[in-house]
Structures are given as structure tokens and as C-alpha cells.
There are 4 protein chains.
Amino acid sequence: MPKDTFYNLPQDKQKRIIEAAIDEFAAHSYHKARVTAVAKNAGISIGSYYQYFEDKKDLFKYIIDQTATKKINYINQDIMRNEEDYSFFEILRETYLSGMKFAKENSRLVAIGNKLLNNKELQQEIWQDQKDKSTDYFKNLLLKGQNNGEIDQEIDVELIARLLTGLHHSLVDIIYKDNKIFPENFANEMEIIDKMLYFIKNGLKKHS
Amino acid sequence: MPKDTFYNLPQDKQKRIIEAAIDEFAAHSYHKARVTAVAKNAGISIGSYYQYFEDKKDLFKYIIDQTATKKINYINQDIMRNEEDYSFFEILRETYLSGMKFAKENSRLVAIGNKLLNNKELQQEIWQDQKDKSTDYFKNLLLKGQNNGEIDQEIDVELIARLLTGLHHSLVDIIYKDNKIFPENFANEMEIIDKMLYFIKNGLKKHS
Amino acid sequence: MPKDTFYNLPQDKQKRIIEAAIDEFAAHSYHKARVTAVAKNAGISIGSYYQYFEDKKDLFKYIIDQTATKKINYINQDIMRNEEDYSFFEILRETYLSGMKFAKENSRLVAIGNKLLNNKELQQEIWQDQKDKSTDYFKNLLLKGQNNGEIDQEIDVELIARLLTGLHHSLVDIIYKDNKIFPENFANEMEIIDKMLYFIKNGLKKHS
Amino acid sequence: MPKDTFYNLPQDKQKRIIEAAIDEFAAHSYHKARVTAVAKNAGISIGSYYQYFEDKKDLFKYIIDQTATKKINYINQDIMRNEEDYSFFEILRETYLSGMKFAKENSRLVAIGNKLLNNKELQQEIWQDQKDKSTDYFKNLLLKGQNNGEIDQEIDVELIARLLTGLHHSLVDIIYKDNKIFPENFANEMEIIDKMLYFIKNGLKKHS
DNA sequence: CATGAATGAGCCTTCATTCAT
DNA sequence: CATGAATGAAGGCTCATTCAT
């Protein structure tokens, strides 16, 4: 985590640095990203950089952390407060929708997140532990759904929770090809989500 | 692709080099992998390396290529020849099973493949084009299923094909946490696949 | 051209680097000259080198550039300001004299210049364009001489300008064999120049 | 010089190797020319190369040597045999003409020769001694001219011989810009030679 | 004589990090 | 706190030459 000197900085300077970092880490792999570029684009000297952050990893971790927090807030805000008023599939829909909206508005953060997601080596370098919070989130949702009688009792909650997480990633992948909305075949993102939910709800088997 | 000098090498030497390369590329990101380490671990000089391969990329591409071929052969063998004798879900089951078996026996290759799969920057460095063949595979399967009357006509084939690809990746991820089989909660991989297929078939909605 | 970091350096450090570079480029062909040797002899680290210059070529170009500027100033100073007071042959004599003086005091620069002058491949690597300014210089001189009535109207100005340039190179070659003054037969350089000018003025034909 | 094994080779194989060498040395600077390229283009193995030649330098020296011999023969043939029948300026003209013809028909050899001519370091690497034969040639010519009464007694024969050599180089340079004939302003090479000879004969001074 | 696999010193360049001012 | 000059390990790659077959 950043040093105190960083937090003591005026807000706009902090922001400039973070923006530069996001640009750099989104554009290049972790190892190819250069702290000199971050410093330069943030308009600070490399000496200052090392007075704010321990090293390269420190900044990267901070960005990842900020992203996670930001994303969680994104979803919570709307629905979570009145969770009990909604059905499982409504909440799932809202969750995916929020995730998509987040991705749309924060494509650089998604790019960074994916980089970490698919680099075990880096993950170990960044954290030792770190449990997957997404899966827990979906797991809770499923359990409530089963209690409500909305969700098939046959399913394995742990497993399906992980699959729903995976589908969430697929969704973002599908909709954002190289930071551009996926246009072919679909009227809009909403249509994709609804088709995906239909699949999640009913499966592929032909209804007799 | 490797130079002729590489193909002229005795089989066991070729193998030693490939093994060393797989080790290195599985253990580190592409940019962090060192050709000197490959050469050293293969027991060849750096000069020899460059007589076998154009450069670092050349070897990496070769590994990727070999992996793709190997994986395709894995699935085709058993069922694909008598495709018409099987139902959609049987083929899907075999596909996922093959994928898992492959991942189990080739965890390092899977690690390398994932690295490429989730690094657009690297993909463009390696190839210009490269279409996703997995999605096409699932798409064909789905279309046949619809013709057979096995698969719900309501679904969007293109979209679901991509989701099935995503689920395939999730499956591999779930079963192999850091190259170790996922033990908790499951008797064996077969159980995971069947539970996953149940979900794919029926969805999550409670059967009234 | 060098980066700002180079120009910000104390004069004596700049000079040390330039001196080391001139030594290296004078002693070896461009491709054989080593930037590590320059850095070492200048007493800087290789890292510093690359903070001052883009690359190897950058420094070489800079040396060439400095040489050209320095040489032009050499000639201009004395006569060029009062050009109209002198005859063609007087100016020519001064030009050759200046060139010789320059070569005498800057034998390493001449060595470097010649290397470039006679290596088209290198020239294209260094610049794309680059016109020969020497020829233009002599051409102007000749045209004025013809207008004054000093110079034979029969000659082809363009051609002779190139020959005078060539003779200039020959002169430097003659006088400096391996950076040592050519001693045999001649009392001094002045004598050589005057004999050469006599030839240029009168040609070889016996005066009847 | 090449080893006996080289001279024992069938003529056409020798020729293939020489051709490949000339191509390579003409296209690249001595240090950038690759013996592997020569071997490859000659259709021999690198192992064979080192059975024919001591090293890289050995081949280069041989090419230079062959070139010198070939060029000398070029000039001698026509005139030298009946030298006494011609005036100094006629012989000079023929010499320059031969030189040009040679350069025209052997542009690659000229390229190689120039490379050596302008790389003192390389010259020392190739030979220790090597006197300039061209200058001796012109010197003899001039002395005879003076004896005949054709040539001004005032001139310094040694110096002028060197200048005539330099002019010879200039001539080749002028006419062959990057192996292409210099077209602008001149009807043909003959015109250039005659204009140059006019200069050499009469000098630049306006005839009163 | 022919072959070509093997070698490794050596080059240019990058970039995270330190430290004196 | 800010600055940016200085550092040097490390990496990809080249190519003349050797040597075993």
C-alpha cells in the first residue's frame, strides 16, 4: 500500500498519478508496464514516485484494490439494500447488468483485472492468499434462492457459484471486444443478458 | 516455426528442448521467460538455440501450435468418428471430459494456453489473425442438437456457443487449482462434469 | 540528437563523453565501435549513456554534426566576411589551407568524417537525405570566378566543383598519412598547397 | 591466401564461391559481411569454407587481390603495349576511360575497393605494407611526359601523381552514384572525361 | 573432402531503484 | 518533499570458428 506521503498529497495530484497508472497498466502487461512512464504521464519525478510508493508492485496492488472496492460498491448500491424485494433471477440480472455497466465505464480497470485474473504467477506475487469474493457472492444468492424455492434443489451450490462467476467473465468478454461493444447479432447488451439468463434459468434441453 | 536444423535433431534432444521450453513458459509470463533458461535447462548452448529457432517468439508459437494439435486429437479420437450415434449432451459430456483429461495430463500446456488466451497484447504479437475455434466447435454441436430436436429452439446459438466455451475454461479452472486437483466436496471430476451438465441441461429454475 | 539530460550536464562531463566517443569512433568502424567503451572511457555508466543518448547512432550523428559545424566555422571566419576583396585563387587557397589546418588539429574528426563519407550504407543508416555541401561551396566560388573573368568560361562548373572537392580530400589524405604529417619531399604544407594550386590554375600542359 | 584445397576445386565451384563473396562484400561493410552468407550463397557448407580459407579475412584479401590484378590487366592491354605511340594526354585519357569501363563492368568490385580505400583500420588489418601502385603508374607517365616536353616542368611529379589518382577516384564516384550512371547534365561519360582532361591540361585560369 | 551442429564471447539496450542535492 | 542523474544487472540475439562424423 502507498506510503503516507501519497495520502498527504492534494487530491488532484493523487488522481493524476492513479490515472497515469491505470493507463499504463491497462496498456501493457504488468512486467512491461514502466514506472517511469507512470511518473512521466502523471507529471511527477521518478524520485517522487518512490516517496509515495514502495515499488512497482505497491502501486499495482493499490490499483487492484481500488478497482475491487469500486466494483463492489457499484453492485451494492442499487439492489442490495432492498434485496428481499427481488427474486433470485432479478438480482442475478441486476448483478450482471451492473457488472456490464461497470465494465463499460471502466474498460481500463477491466483490462487490468483480467491481466491479474489470468496470471497465476502475478497473483502469487501480489497476494499470498486472497479468496475469490465473487464466488461467495453468488453462493449466498443461490442459497437464498433455494430457500425461497426459486432454485432447483438438485444443484451443487458451490460449483454453480463458480460457474456463474465464470459466465460473468464470459459476458464481459463477449460484450467488450477490445474495449468496443459487440455489435453483431444483438440489438444491445440487454438482449445478451436476457438470452444468457434464459439459458441459466432453463438450460438447453428442449421443453417437451 | 522452428528451422530445419531443429527437425533434424534426434528425437530425444528435440524433446529435451521442448520440455525445457514448456517448463519455462508455464512458470513465467511470456516476457519474463528467458531463452537462456530454456537453453540451459535443455542442455544446449544459446548459440544452438538460435540455430534451431528464429527467436524467442518462434519457440513459443511452436509450443502453442503443438498444444492445439494435441488437444484437438484428444477429443476427435473417440467420439467424433461416430458422432451421429450420440446425443448432444453425450458429446458435450465427452468433450468436457476430454478437455479435463487433457488438462490433467498436460497442466503445463494448459497454463501456457491460458496465458495466451488472456493476453490480447501477446496474441497480436504472436499472430495477426487467429479465430477462436472452440466457439465454432460448440456452435456446430448446438445447431445439430437443434435439428435433432434435442436443443431448445429459443436459444441464441452464437451466444450460447461462447458461453459453453467459457464454461469449459471454468471447468478446467475449477478442477485444477494451481495444478492440483480440486478435492473438496467432490468425489471425482466425473461428478463435477455431471453436475455441470445437469445445470447446462436444465438450468437453475426449480422444476415445478 | 542527444536528449536534454545530456545538455543539462556540466560542460566538462559533456566534453569527457564527446572525447571518449571521438576516440572510439575514430579508432573503429561504426559497427565495431562499442558504446560500452565510450561509457567506460568517459567514466559514466552504461545506464547514464542511455539517459543522454537515444542509442549508438544518436551519439554518432551528434559527433558528425558537431564536426560539420566546427569545420564550416573554420573557413568562414577569416575570409568569407570579406569575400569580395579576394580573388578566386586566393579564396581557394585559404579554403584548402583552412581545411588542412582543421584536419591537422582534428585528425580524429577527419577520420570519422571519412568513414562516413565512404560508406553509403552507413550514410543511409544515419540520414535519409544529406546533400553534399562542399560541392555547392566550390560551385558558388567558381561561378563568381567566371563572372569576375578570373575563370575559364569553357569549364563545366558542376563537374569541376566536384573535382575540387575530390582534390580537397586528396590533399588531406596526402598530408596526413595515418595522422602523421607527410614529411618526405616537402618543406611544409604550404608548399604542397601552392604546388597544387599551380596545377589547378595552369594545368599540366607545357607552356609554350 | 586460400589454402591448396581451394585451388584444387573445380573451376566452376571456385567461381561460385568468389561470386558469392563479391556479392556479400559489395553489399555490406567488411565487419557486417557474414561468411555464413557467402557459404550459403555459394552452395557450400560452412565447414567446407574453413577448409578452403583460413578465416574471413583470408577470403577478403583474395578478392582484393584478384580485383587489383584484374584492373591492372584492363588498362595494360590496349595501350601499354604501344605506349610510345601515344601522347601523355592520350594515355591519360585511355587510362581514365579504362578505369571507367572497368568500374562500369565491375561495380561490385569497385564498391569493395572503395570500402577498403576508406577504412584505414581495415587496411592495416589486411596488409601491413602495401604501397599505392596507382600513384607509381601516374608518376611514370608524368616523368615520360616531362621528358617528351609535353608536361610542364614546374610541377611536382610526386604530388601531381597522387592528385591524378584522387581525380580518378572522383571520376568513378561522379559517374557511378549507387551503381547507376550519372545522367544529369552530361550526354555521356566520354563528355565527362574530356571536360576533366581539359581541366587537367589547361587549369582553371582564364586564357588571356 | 564435405558436412553442419555446437559453441560462447560480446554487443546493444531496458528499467527498477537509489541517493545526493 | 521534490528532483533527476546515476547505476548495473539482465536479456535477446549475432556470427566467426571448431570439430566430430
Side-chain angles (χ1 to χ4, degrees), chain A residues 3-6 8-10 13 31-40 43-59, chain B residues 3-6 8-10 13 31-40 43-59, chain C residues 3-6 8-10 13 31-40 43-59, chain D residues 3-6 8-10 13 31-40 43-59:
Chain A
K3 302 177 182 175
D4 287 342
T5 47
F6 176 71
N8 293 339
L9 250 33
K13 194 166 193 176
H31 286 296
K32 269 198 131 183
R34 291 153 302 145
V35 313
T36 50
V38 172
K40 191 177 176 186
I44 62 170
S45 71
I46 189 65
S48 292
Y49 176 94
Y50 279 92
Q51 272 181 323
Y52 306 150
F53 304 97
E54 291 296 347
D55 49 22
K56 182 178 174 179
K57 205 191 324 188
D58 194 21
L59 173 55
Chain B
K3 301 179 184 174
D4 286 343
T5 48
F6 176 71
N8 294 340
L9 251 32
K13 192 166 196 174
H31 285 295
K32 249 202 153 182
R34 292 151 303 144
V35 327
T36 52
V38 173
K40 192 176 179 184
I44 62 171
S45 72
I46 190 65
S48 291
Y49 176 93
Y50 281 95
Q51 278 198 315
Y52 305 151
F53 305 98
E54 287 308 340
D55 49 22
K56 183 179 178 179
K57 194 170 15 177
D58 193 21
L59 174 53
Chain C
K3 301 178 184 175
D4 286 344
T5 48
F6 176 72
N8 294 339
L9 250 35
K13 193 167 197 175
H31 286 294
K32 249 202 153 183
R34 292 151 302 144
V35 325
T36 52
V38 173
K40 192 176 177 184
I44 63 171
S45 72
I46 190 64
S48 290
Y49 176 93
Y50 279 95
Q51 280 197 315
Y52 305 151
F53 305 97
E54 289 305 343
D55 50 22
K56 183 179 177 177
K57 194 169 16 176
D58 193 22
L59 174 54
Chain D
K3 302 177 182 174
D4 287 343
T5 48
F6 176 70
N8 294 338
L9 251 32
K13 194 166 193 175
H31 285 294
K32 268 199 132 183
R34 290 152 304 145
V35 313
T36 53
V38 173
K40 190 177 177 187
I44 64 170
S45 71
I46 188 67
S48 292
Y49 176 93
Y50 279 92
Q51 273 182 321
Y52 305 150
F53 304 96
E54 291 297 347
D55 50 21
K56 182 178 174 178
K57 205 192 320 189
D58 194 20
L59 173 55

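It should be emphasised that the depicted structure is a prediction, and the values quoted were computed from it without experimental measurement. Note: hydrogens, waters and symmetry copies are ignored here, and every other heavy atom, side chains too, is used. Each chain gets a letter, A, B and so on, in the order the sequences are listed, and its residues count up from 1.
For E:dG8, the OP1/OP2 oxygens have no side-chain nitrogen or oxygen of B:K40 closer than 4.0 Å. The shortest distance between the side-chain N/O atoms of D:N8 and the OP1/OP2 oxygens of E:dC1 is below 4.0 Å. Taking 4.0 angstrom as the limit, A:S45 places none of its side-chain polar atoms (N or O) nearer than this to OP1 or OP2 of F:dA2. Distances shorter than 4.0 Å separate some side-chain N or O of A:S48 from OP1 or OP2 on F:dT3.
At the heavy-atom level, B:A33 lies under 4.0 Å from the strands shown only through sugar-phosphate atoms. Among the protein residues, D:K13 comes within range of the sugar-phosphate backbone only, with heavy atoms under 4.0 Å from sugar or phosphate atoms but none that close to a base. Across all strands, D:Y52 comes closer than 4.0 Å only to sugar-phosphate atoms, never to a base (heavy-atom distances).
To the nearest 0.5 Å, atom CZ of residue C:F6 and atom CG of residue C:L59 are 7.5 Å apart. The distance from the CD atom of C:Q51 to the OG atom of C:S45 is 8.0 Å, given to the nearest 0.5 Å. Rounded to the nearest 0.5 angstrom, A:H31 NE2 and B:H31 NE2 are separated by 10.5 Å.
Of the two residues near DNA chain F, C:G43 and B:A37, the one whose nearest nucleotide lies more 5' is C:G43. Nearer the 5' end of DNA chain E, as judged by each residue's closest nucleotide, is the contact made by C:D55, out of A:Y49 and C:D55.
Between D:Y52 and D:T5, the shortest heavy-atom contact is CA-OG1, 3.6 Å.
E:dA20 is paired with F:dT3 under the Watson-Crick or G-U wobble criterion, all donor-acceptor distances under 3.5 Å.
Rounded to a whole Å, the NZ atom of B:K57 is 16 Å from the C1' atom of F:dG11. Atom CD1 of D:I46 and atom P of E:dC1 are 18 Å apart (whole Å). With rounding to whole Å, A:L59 atom CG is found 11 Å from E:dA16 atom P. Rounded to whole angstrom, the span from the NZ atom of A:K3 across to the P atom of F:dA2 amounts to 12 Å. When the P atom of F:dT17 is taken as reference, atom CD of B:Q51 falls 15 Å away, rounded to whole Å. One interatomic measurement links the two molecules: OH of B:Y50 to P of E:dT7, which rounds to 16 Å at whole-angstrom precision. With rounding to whole Å, D:H31 atom NE2 is found 19 Å from F:dT14 atom P. Rounded to whole Å, atom C1' of F:dA2 lies 11 Å from atom CG of A:L9.
Of the candidates F:dG11, E:dA5, E:dA16, E:dA16 carries the atom nearest the A:K56 side chain, counting heavy atoms from C-beta on.
A donor-acceptor pair is defined here as one N or O able to donate and one able to accept, closer than 3.5 Å; such a pair exists between the side chain of D:K3 and the backbone of D:Y50.
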